[in-house]
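Everything numeric in this text was worked out from a predicted model, so none of it was measured. Throughout, a chain's letter reflects where its sequence line sits, starting with A, and its residues are numbered from 1.
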Amino acid sequence: MPELPEVESLRLSLEPRLEGRSFDRIIVRERRLRQSVPVSLETELPGRRIDAIARRGKYLLIHAGADTLLIHLGMSGSLRWQALGSAPRRHDHVDFVLGGEVLRYHDPRRFGLIAWCPGTGTDHPLIASLGPEPLEPGFDGAWLHRMSRGRRLAIKALLMDSHWLVGVGNIYASESLFRARIRPTTVAGRLSLARCARLAEAVRDVLAEAIAAGGSTLRDYVGSDGTPGHFQKGASVYGRAGEPCRVCGTAIRQIRLAGRASYWCPHCQR
DNA sequence: ACGGGGGCCTGGCGGC
DNA sequence: TGCCGCCAGGCCCCCG
């Protein structure tokens, strides 16, 4: 469930505690994540100076020397600081030991990813195939309009395609479309330039506000200090089927779109 | 090339 | 009370 704001919140919290330091030891209890956790992680990473913590889409890139630790939380992953020696619990798959503490990777569903890749990680196939960042310059209404021409799928499905645009998952796709007053089922290629401009602005605003709030509280998400974020309290439509729209009072509807639950207000969104 | 759907995996919840 | 089926999320892969 972690989307871009959650991963960015995590990156910000890790940065001051990791930069310039190095892991003493890596302990892997379970290798079976989305990809098998490579043994080179334990042999290569310890002792290396951590130079920077970056984010690309929902991936964390921890640059250590010439190489890079790649982490993706999947749907249920989390990284939390715990005291060295505290007993690992079920689904605590990997420990990154640093000083008197452990940065512990926990992931019940094991959809996450921990990889050790040579170089900066940007040429890793998973990273190289990603679309642009919604919070970087270049993502605007004109880009969205140009890049959606000829696409016949629903705009919500397109927004959630990380090879097209990164960072927008199921929650923020619904929230952004509500903010832009566009129905999730609208065929992407038929959106006018004006509506694309509204949508681009809505995506940026929703993501920026969620980052400012420390990420969503939805489902399993917790920050690296164990405290939940606060965004979901302010959700306009996500998870609110049958409840009144906060703007007009009309009952929020839920449909299934490309296999995902989608929420929208039939009055506000056209 | 494009779009839809299934699979991965587990915990939590609703229904019987 | 217990069990069973369904659902959630991100991403990859396969199919038409």
Side-chain angles (χ1 to χ4, degrees), chain A residues 1-11 29-37 55-61 70-79 88-94 105-115 117 121 124-131 133-134 146-176 184-191 203 206-207 210 215-222 228-229 231-232 235 237-242 252 254-263:
Chain A
M1 110 63 226
E3 299 187 25
L4 185 150
E6 290 76 19
V7 180
E8 180 62 16
S9 297
L10 177 61
R11 188 192 74 76
R29 287 182 209 85
E30 173 61 83
R31 291 190 191 280
R32 295 175 301 162
L33 302 185
R34 173 152 51 112
Q35 292 181 359
S36 181
V37 178
R55 179 190 58 75
R56 182 75 176 87
K58 297 170 189 169
Y59 290 86
L60 278 178
L61 292 90
L70 211 59
I71 299 179
H72 191 292
L73 301 177
M75 296 207 260
S76 59
S78 63
L79 277 171
R89 299 203 280 191
R90 190 162 148 81
H91 307 307
D92 284 347
H93 304 314
V94 179
Y105 181 78
H106 175 88
D107 187 358
R109 274 158 270 189
R110 291 196 275 117
F111 285 2
L113 174 95
I114 296 179
C117 43
H124 189 288
L126 291 171
I127 301 295
S129 62
L130 293 175
E133 294 278 336
R146 177 163 35 92
M147 295 301 288
S148 60
R149 293 310 88 185
R151 302 297 299 268
R152 297 184 194 179
L153 76 173
I155 182 58
K156 177 166 178 280
L158 187 57
L159 278 181
M160 291 176 61
D161 179 357
S162 63
H163 300 292
W164 191 78
L165 179 74
V166 298
V168 183
N170 203 35
I171 301 171
Y172 296 113
S174 280
E175 292 298 305
S176 301
T185 48
T186 307
V187 173
R190 296 187 170 250
L191 283 170
V203 167
V206 164
L207 292 177
S216 168
T217 60
L218 200 77
R219 305 275 180 258
D220 316 320
Y221 178 75
V222 288
F231 183 80
Q232 203 211 348
V237 288
Y238 187 84
R240 298 191 64 237
I252 299 300
Q254 176 180 356
I255 49 164
R256 248 189 133 64
L257 196 51
R260 299 280 173 226
S262 310
Y263 302 86

Novice: Please determine, for the side chain of A:Tyr59, which listed nucleotide (B:dC8, B:dG3, C:dC11) has the closest atom?
Specialist: C:dC11
Novice: Tell me the stems DNA chain B sits in, counting at least three consecutive Watson-Crick or G-U wobble pairs, each under 3.5 Å on both distances.
Specialist: B:2-8 with C:10-16, B:10-16 with C:2-8
Novice: Taking only the side-chain nitrogens and oxygens of A:Arg151, find out if one of them lies under 4.0 Å from OP1 or OP2 of B:dC2.
Specialist: no
Novice: Just compare B:dT10, C:dC11, B:dC9 and give me whichever is closest to any side-chain atom of A:Pro108.
Specialist: B:dT10
Novice: For a quick check of understanding: with a heavy-atom distance under 4.0 Å over all strands, which category does A:Ala157 fall into, base, sugar-phosphate or nothing?
Specialist: nothing
Novice: A:Gly259 near the nucleic acid: base, sugar-phosphate alone, or nothing, with a heavy-atom cut-off under 4.0 Å?
Specialist: nothing
Novice: May I ask you to say what A:Arg256 touches in the nucleic acid, namely base, sugar-phosphate or nothing, with a heavy-atom cut-off under 4.0 Å?
Specialist: sugar-phosphate
Novice: Can you spot which of A:His91, A:Met75, A:His93, A:Arg34 makes a side-chain contact (heavy atoms from CB on, under 4.5 Å) with A:Arg110?
Specialist: A:His93
Novice: Taking only the side-chain nitrogens and oxygens of A:His91, find out if one of them lies under 4.0 Å from OP1 or OP2 of B:dG11.
Specialist: yes
Novice: Assign each of A:Ala258 and A:Arg110 to its nearest nucleotide of DNA chain B by heavy atoms, then name whichever residue's nucleotide is nearer the 5' end.
Specialist: A:Ala258
Novice: I want to verify a distance call: between B:dG3, B:dG11, C:dG10, whose nearest atom is closest to the A:Leu153 side chain?
Specialist: B:dG3
Novice: Rounded to whole angstrom, note down the P distance from C:dC7 over to B:dG5.
Specialist: 14 Å
Novice: Are A:His72 and C:dC11 close enough that a side-chain N or O sits under 4.0 Å from OP1 or OP2?
Specialist: yes
Novice: Side-chain N or O of A:His163 versus OP1/OP2 of C:dC11: is the shortest distance under 4.0 Å?
Specialist: no
Novice: Kindly say if A:Arg34 contacts the phosphate of C:dG10, meaning a side-chain N or O under 4.0 Å from OP1 or OP2.
Specialist: no
Novice: Does the structure show A:Phe111 stacking with C:dC11, if we require the centres to be closer than 5.5 Å and the planes to be within less than 30 degrees of parallel?
Specialist: no
Novice: Base, sugar-phosphate alone, or nothing: which one does A:Leu126 contact when heavy atoms must sit under 4.0 Å apart?
Specialist: sugar-phosphate
Novice: Provide the distance between the two C1' atoms, one in C:dC12 and one in B:dG11, to the nearest whole Å.
Specialist: 23 Å
Novice: Applying a 4.0 Å non-hydrogen cut-off, can you work out what A:Arg260 is touching in the nucleic acid: base, sugar-phosphate, or nothing?
Specialist: base
Novice: Check whether any side-chain heavy atom of A:Leu113 lies under 4.5 Å from a side-chain heavy atom of A:Tyr59, and answer yes or no.
Specialist: yes
